[in-house]
Protein chains: 2
Amino acid sequence: MSRREEAKTFNRARICAAAEAIIRGEGMDKLTMRRLAEVAGVSLRTPYNLFGSKTDVLIALLDEAGFEFAPRQTGESGASAIAHLFGGLGRIAAFFASDEAYYRGIYAAIMASDHPEVRSTGVGRAVVSAQALVAEAVAHGELRADTDAASLGRHLAIALLAVLGMWGSGFFSNRESIAQVRRAWLAVLLQHCSDAARPSLASAYRDLCTAEIDQ
Amino acid sequence: MSRREEAKTFNRARICAAAEAIIRGEGMDKLTMRRLAEVAGVSLRTPYNLFGSKTDVLIALLDEAGFEFAPRQTGESGASAIAHLFGGLGRIAAFFASDEAYYRGIYAAIMASDHPEVRSTGVGRAVVSAQALVAEAVAHGELRADTDAASLGRHLAIALLAVLGMWGSGFFSNRESIAQVRRAWLAVLLQHCSDAARPSLASAYRDLCTAEIDQ
DNA sequence: AATATTTTTATAACATGTGTCAATTATTTC
DNA sequence: GAAATAATTGACACATGTTATAAAAATATT
């Protein structure tokens, strides 16, 4: 990496660190580009040079933290693909739960911005991943052979992202959001699962309903 | 109504009409408060006096058009409550479809704004209505007696609103959005329906899946 | 009709995201 | 080391939602 690229990388990191510090210390509404530049010790123009827009800075913050919309692509095709689907959901949940207020603020700000490309690519990736896992589940006999993997995968991904959007807006706690997605996923998967996979999905669905009554 | 109230009502109407004219004629991004005041023939301050904020003007536009989040409360308890649920969905769909670009712009702008109260009340109303219809369906024996109407109604309402949010952001066509909600609703209702209601729901679900393949 | 109250208006201002543009500084190339 | 190139800076500007303030107009009260 040339020294110029090094300097850019360093400045990007400084800006991200400053953004995080402001959000954590002063709150999301204090994160203005002017304050960001000030805290990062950089001119107002530099974040635009290095990221493009305020929204892009926030996206970088999420990326940096390792957030991925989609359940991770799995190489180990021996394990249950449906379990991988829910594993991906659990990973997203854990990520956001690790610092709920912080990530919610960032996510909400990204969603509220009018940068359609951002969200489209996020949706696209999630859909593709979900479709791959559904196809795998069909191949493994967890889902019936007549299942349209593309359609079902898309449905599952959208169900997740739609709830995530509302979570970002502050409607639901983490727990409520997860419960909503799990319930939606289980119900739809139960319409397509093989007889072998049905019992565990059905009992998971029942457990979810009783758990909701408990709390 | 006093003359003062009359004048306010008249001005409110003028402002709404001007907003609609701008959105339709020049596009959503040309709807600025200054232009709105100009077209409405009113001072910049007046829309703030009469509505509160730009977002409130847009909400008034939706309300004026008769939009309701929730399926209409039904007095005729003889008919199928589940049918009423889907009827409400159809009504919302028809409303938005009647002028897709126009309403999508308004809805997206409202969602993108940071006025949490607005959205909360919308969510609250939808949840209550759905819960009422689910309870009715339980009472009629369409859904099993062990169904938790509050929980299920809430789940259904959220599933709808979450997709509506993504629709507003421009991800999906009307048709895709409806299909997503119908599929989610049918799958979950199938987990709770009585044996009598199952066949029609199951066949509706199958039809939806094959319809998706067709298009 | 005179006074008091409420609304609207006009004008200015502020904070914010973003863009412009020339000057400066740092780096690369020769 | 000199010339070329790239990145950063600084100062300013613009559009926008929103608020402040005082003057003017309309309406209500007596």
Side-chain angles (χ1 to χ4, degrees), chain A residues 1-19 22-23 26-61 105-106 108-118, chain B residues 1-19 22-23 26-61 105-106 108-118:
Chain A
M1 190 162 57
S2 77
R3 272 176 86 166
R4 247 172 204 152
E5 286 306 312
E6 261 176 37
K8 279 165 111 178
T9 303
F10 179 70
N11 273 347
R12 261 190 273 258
R14 268 209 301 179
I15 291 168
C16 282
I22 293 168
I23 296 170
E26 312 172 28
M28 196 65 189
D29 44 336
K30 291 292 167 51
L31 179 69
T32 70
M33 293 305 270
R34 285 166 180 82
R35 178 108 184 90
L36 177 59
E38 183 188 340
V39 173
V42 102
S43 89
L44 172 59
R45 206 46 224 155
T46 299
Y48 289 99
N49 290 337
L50 296 180
F51 292 93
S53 70
K54 183 178 180 180
T55 301
D56 289 313
V57 175
L58 294 171
I59 290 167
L61 240 45
I106 295 177
I110 293 173
M111 285 294 123
S113 82
D114 45 357
H115 288 224
E117 340 75 52
V118 173
Chain B
M1 190 162 57
S2 76
R3 270 175 87 166
R4 253 175 197 149
E5 285 306 312
E6 260 177 38
K8 279 164 120 182
T9 302
F10 178 69
N11 272 346
R12 261 190 273 261
R14 268 207 303 176
I15 290 168
C16 282
I22 294 169
I23 296 171
E26 312 172 28
M28 196 63 188
D29 43 337
K30 290 293 167 52
L31 180 68
T32 70
M33 292 305 270
R34 286 167 180 82
R35 180 109 184 91
L36 177 60
E38 183 188 340
V39 173
V42 102
S43 89
L44 172 58
R45 205 46 235 265
T46 300
Y48 288 100
N49 290 339
L50 297 179
F51 292 93
S53 70
K54 183 178 180 180
T55 300
D56 288 313
V57 174
L58 294 170
I59 290 167
L61 240 46
I106 294 177
I110 293 173
M111 285 294 123
S113 82
D114 44 359
H115 287 225
E117 341 74 53
V118 172

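Worth saying up front: this structure is predicted, and the values here are computed from it rather than measured.
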Student: Anything under 4.0 Å to a heavy atom of chain A counts; send over the first and last such nucleotide of DNA chain D, read 5' to 3'.
Tutor: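 For DNA chain D, the relevant span reads D/dT5 to D/dA13.
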Student: Report the nucleotide, chosen from C/dT9, C/dG19, C/dT28, that has the shortest atom-to-atom distance to any side-chain atom of A/R45.
Tutor: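 Nearest nucleotide to the side chain: C/dG19.
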Student: Report yes if the side chains of A/I59 and A/I106 come closer than 4.5 Å at any heavy-atom pair, otherwise no.
Tutor: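 No, too far: nothing below the 4.5 Å cut-off.
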Student: Is any side-chain heavy atom of A/T9 closer than 4.5 Å to a side-chain heavy atom of A/R4?
Tutor: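 Heavy-atom side-chain distance check fails, nothing below 4.5 Å.
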Student: Under a 3.5 Å threshold, yes or no: a donor from one side chain and an acceptor from the other, between B/D56 and B/S53?
Tutor: yes
Student: Check DNA chain C against residues 46-61 of chain A and give the residues with a non-hydrogen atom under 4.0 Å, in numerical order.
Tutor: A/Y48, A/S53, A/K54
Student: Base, sugar-phosphate, or nothing for B/L36, non-hydrogen atoms under 4.0 angstrom?
Tutor: nothing
Student: Do the side chains of B/R3 and B/E6 get close enough for a salt bridge, i.e. N-O under 4.0 angstrom?
Tutor: no
Student: With heavy-atom distances below 4.5 Å as the criterion, would you say the side chains of A/T55 and A/D114 are in contact?
Tutor: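 Not touching, per the 4.5 Å side-chain cut-off.
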Student: Using whole Å, what does the distance between atom C1' of nucleotide C/dA10 and atom CZ of B/R34 come to?
Tutor: 13 Å
Student: Mind listing the residues from residues 5-16 of chain A sitting with a heavy atom below 4.0 Å of DNA chain D? Number order is fine.
Tutor: A/K8, A/N11
Student: Categorize A/R4 for me: base, sugar-phosphate, or nothing, with a 4.0 angstrom heavy-atom threshold over every strand shown.
Tutor: base
Student: Are B/E26 and B/R35 side-chain neighbours, meaning at least one heavy-atom pair lies under 4.5 Å?
Tutor: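 They are in contact (side-chain heavy atoms under 4.5 Å apart), so the answer is yes.
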Student: How far apart are the C-alpha atoms of B/T46 and B/R14, what are their side-chain angles, what is the distance that settles it, and do they pass the side chain to side chain contact (heavy atoms under 4.5 Å, CB included) test?
Tutor: CA-CA 11 Å; B/T46 300; B/R14 268 207 303 176; over 6 Å; no
Student: Identify the heavy atoms of B/I15 and B/L36 that sit nearest to each other, and give their distance.
Tutor: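 Closest heavy-atom pair between B/I15 and B/L36: O-CD1, 3.5 Å.
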Student: Any sub-3.5 Å donor-acceptor pair from B/R12's side-chain atoms to B/L50's backbone N or O?
Tutor: yes
Student: Can you measure from OG (A/S113) to NE2 (A/H115) and round to the nearest 0.5 angstrom?
Tutor: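 One finds 4.5 Å between OG of A/S113 and NE2 of A/H115.
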Student: Start with the C-alpha distance between A/K54 and A/L31, add both sets of side-chain angles, then the distance that settles side chain to side chain contact (heavy atoms under 4.5 Å, CB included), and finish with yes or no.
Tutor: CA-CA 9 Å; A/K54 183 178 180 180; A/L31 179 69; 4.2 Å; yes
Student: Nearest heavy atom decides the nucleotide; on that basis, is B/K30 or A/V42 closer to the 5' end of DNA chain D?
Tutor: A/V42
